There are 2 protein chains.
Amino acid sequence: MAESNAAALRVLVVEDDPVTAEAHAAYVERVDGFHTAGVAHTGHEAIRMLRDTREGRAESFDLILLDVNLPDTTGIELCRSLRAVGIEIDVIAVTAVRDAAVVRSAVSLGIVQYLIKPFGFAAFAEKLTAYRDYHARVATAVVTDQQEVDASFAALRTTSTADLPKGLTRETLDRVRAAVRAAPAGATSATELAAALDLSRVTARRYLEHLADTGVVERASRYGAPGRPEVEYRPR
Amino acid sequence: MAESNAAALRVLVVEDDPVTAEAHAAYVERVDGFHTAGVAHTGHEAIRMLRDTREGRAESFDLILLDVNLPDTTGIELCRSLRAVGIEIDVIAVTAVRDAAVVRSAVSLGIVQYLIKPFGFAAFAEKLTAYRDYHARVATAVVTDQQEVDASFAALRTTSTADLPKGLTRETLDRVRAAVRAAPAGATSATELAAALDLSRVTARRYLEHLADTGVVERASRYGAPGRPEVEYRPR
DNA sequence: CGCGTTGTGTTCATACTGTTCGCGGCACGC
DNA sequence: GCGTGCCGCGAACAGTATGAACACAACGCG
């Protein structure tokens with residue numbers, strides 16, 4: 001794909017852990033239309049690379065894949081510094097932090113996507129392709145009307161295309177996940193979940209089993225009562 | 001509406017033309033959950049008000065309705081100044097400029113919506129309510145997972161209901177919307193809607209699906225009977 | 001050690017979903 | 001007036017998410 005590489009978007013990976021950085025860089029290469037153009041392991045290094053870029057001393061970047069937790073600063077702080085000096089490069093935030101306040105800050109600093117670690121390649125590719133669509137739109141359009149702007153914004157909206165195994169729906173899966181997380185005792189059996197969600201036990205079991213397979217919940221047994229022991233599912 | 005005003009989002013209108021500023025302020029008041037908390041006519045004035053706010057000398061704001069063309073600066077420049085000093089207030093850009101580069105800049109500076117002048121109240125209200133949905137989500141959620149984040153972003157990035165994809169008619173869409181809103185149980189399935197409007201199920205589904213994509217209605221599943229569950233659409 | 005009891009794991013009928021493709025009507029060009 | 005192309009709509013067809021029914025497995029108890 002020489003031609004798609006020629007127009008490929010250049011990505012700067014910013015991530016302190018070398019192994020993770022390498023993994024992210026490899027992920028980037030796997031997504032069509034993207035190319036890892038640099039890796040930085042600290043905030044300072046990232047800033048320096050971007051400054052060099054600006055002054056024509058180095059290749060430039062289209063997008064930063066930015067870890068929020070860095071040894072010398074935070075991604076949020078780094079992003080603020082960039083904006084302050086007028087660098088308008090787009091940013092995808094990558095973080096293990098599950099804090100709504102960080103999300104708010106990130107949005108206000110103009111990050112285009114927000115990825116929560118750990119993530120698989122599917123989730124990663126989804127965010128990048130969404131960004132590519134957005135980029136293509138604003139790059140080509142010279143004059144814009146409200147519809148064009150709306151369409152560009154909509155391109156950044158990801159529709160959670162994470163493919164489910166046959167027989168499962170996203171709708172139901174969401175409900176099941178929510179119910180498991182909100183379980184009073186911290187653990188739920190298939191029978192209990194069925195009652196709570198007004199589903200059949202068979203269906204409840206199907207989804208719980210899927211969540212167990214994908215590592216979202218843990219399986220355990222609950223003894224004590226007469227009869228066969230119950231299998232309980234507990235989030236982790 | 002005392003109670004809704006108490007929780008209403010406080011908006012700062014920044015617009016040089018006094019007549020337009022007044023019009024925007026009035027628009028804000030008309031949208032449920034919003035309140036015009038201040039008006040500034042220049043960039044300096046806006047900055048001063050926000051600084052006063054920060055130092056506790058004045059009421060604070062949740063959102064700026066920011067005109068891009070100001071007598072003493074541009075909205076983009078103003079926004080950059082805010083970010084530089086760490087003010088994370090959300091911004092809706094309002095402009096007559098139809099330039100993709102400005103849109104890009106605006107996005108990178110974290111503007112949450114982008115409105116092109118001239119606009120009617122419907123377009124205006126759509127953007128504000130979308131922001132309100134986003135705000136409600138990130139304000140309440142303490143812990144977030146990827147899906148929660150995606151949903152929040154999706155709220156900000158709704159496509160306009162005005163533009164129709166190929167295969168849909170304005171007239172039919174209006175009929176469908178009206179029917180969904182007037183649903184007796186509050187929720188309608190594609191089959192029910194088809195019967196009510198004397199359309200085929202296929203067509204009913206096409207329109208409902210469009211409304212779901214644009215965030216006008218919500219999708220849910222209706223279980224209970226044996227057989228595949230029904231998908232029901234519910235206005236929100 | 002058999003037996004009741006309780007929940008598990010599976011199979012299969014079922015009704016709704018999602019998609020494909022052809023029809024019919026409308027507007028435009030010749 | 002008459003093709004001709006386009007486009008929104010619906011009949012028909014697989015596909016599939018669910019629950020009823022059923023056979024079995026694990027435990028307590030006599």
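Side chains included, hydrogens not; waters and symmetry mates left out as well; all remaining heavy atoms used. We name chains A, B, ... by the order of the sequence lines, and we start the count at 1 in each one. Predicted model, so just to flag it, every value in this text is computed and none were measured.
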Expected list for residues 183-194 of chain A: side-chain donor-acceptor pairs under 3.5 angstrom, two or more places apart:
{"from": "A:Ser189", "atom 1": "OG", "to": "A:Thr191", "atom 2": "N", "distance (Å)": "3.4"}
{"from": "A:Ser189", "atom 1": "OG", "to": "A:Glu192", "atom 2": "N", "distance (Å)": "3.1"}
{"from": "A:Ser189", "atom 1": "OG", "to": "A:Glu230", "atom 2": "OE2", "distance (Å)": "2.7"}
{"from": "A:Glu192", "atom 1": "OE1", "to": "A:Ser189", "atom 2": "N", "distance (Å)": "3.2"}
{"from": "A:Glu192", "atom 1": "OE2", "to": "A:Arg222", "atom 2": "NH1", "distance (Å)": "2.8"}

Sequence neighbours left out, what passes salt bridge (charged side-chain N to carboxylate O under 4.0 Å, His left out) with [X]? Give chain and number order.
| X | result |
| --- | --- |
| A:Glu22 | none |
| B:Arg228 | none |
| A:Arg175 | none |
| B:Asp133 | none |

Sequence neighbours left out, what passes side chain to side chain contact (heavy atoms under 4.5 Å, CB included) with [X]? Give chain and number order.
| X | answer |
| --- | --- |
| B:Thr129 | B:Val31, B:Arg132 |
| A:Arg177 | A:Asp174, A:Arg181, A:Leu211, A:Val216, B:Gln147 |
| B:Arg30 | B:Tyr27, B:Phe121 |
| B:Ser221 | A:Glu171, A:Thr172, B:Tyr223 |

Worksheet entry | Close approaches to DNA chain D from residues 212-220 of chain A, in residue order (heavy atom, under 4.0 Å) | none

N/O contacts under 3.5 Å, protein versus nucleotides 26-30 of chain D?
{"from": "D:dA26", "atom 1": "N3", "to": "A:Arg228", "atom 2": "N", "distance (Å)": "3.4"}

Worksheet item: Does any residue of residues 188-201 of chain A have a heavy atom under 4.0 Å from DNA chain C, and if so, which ones, in number order?
Response: A:Thr191, A:Arg201

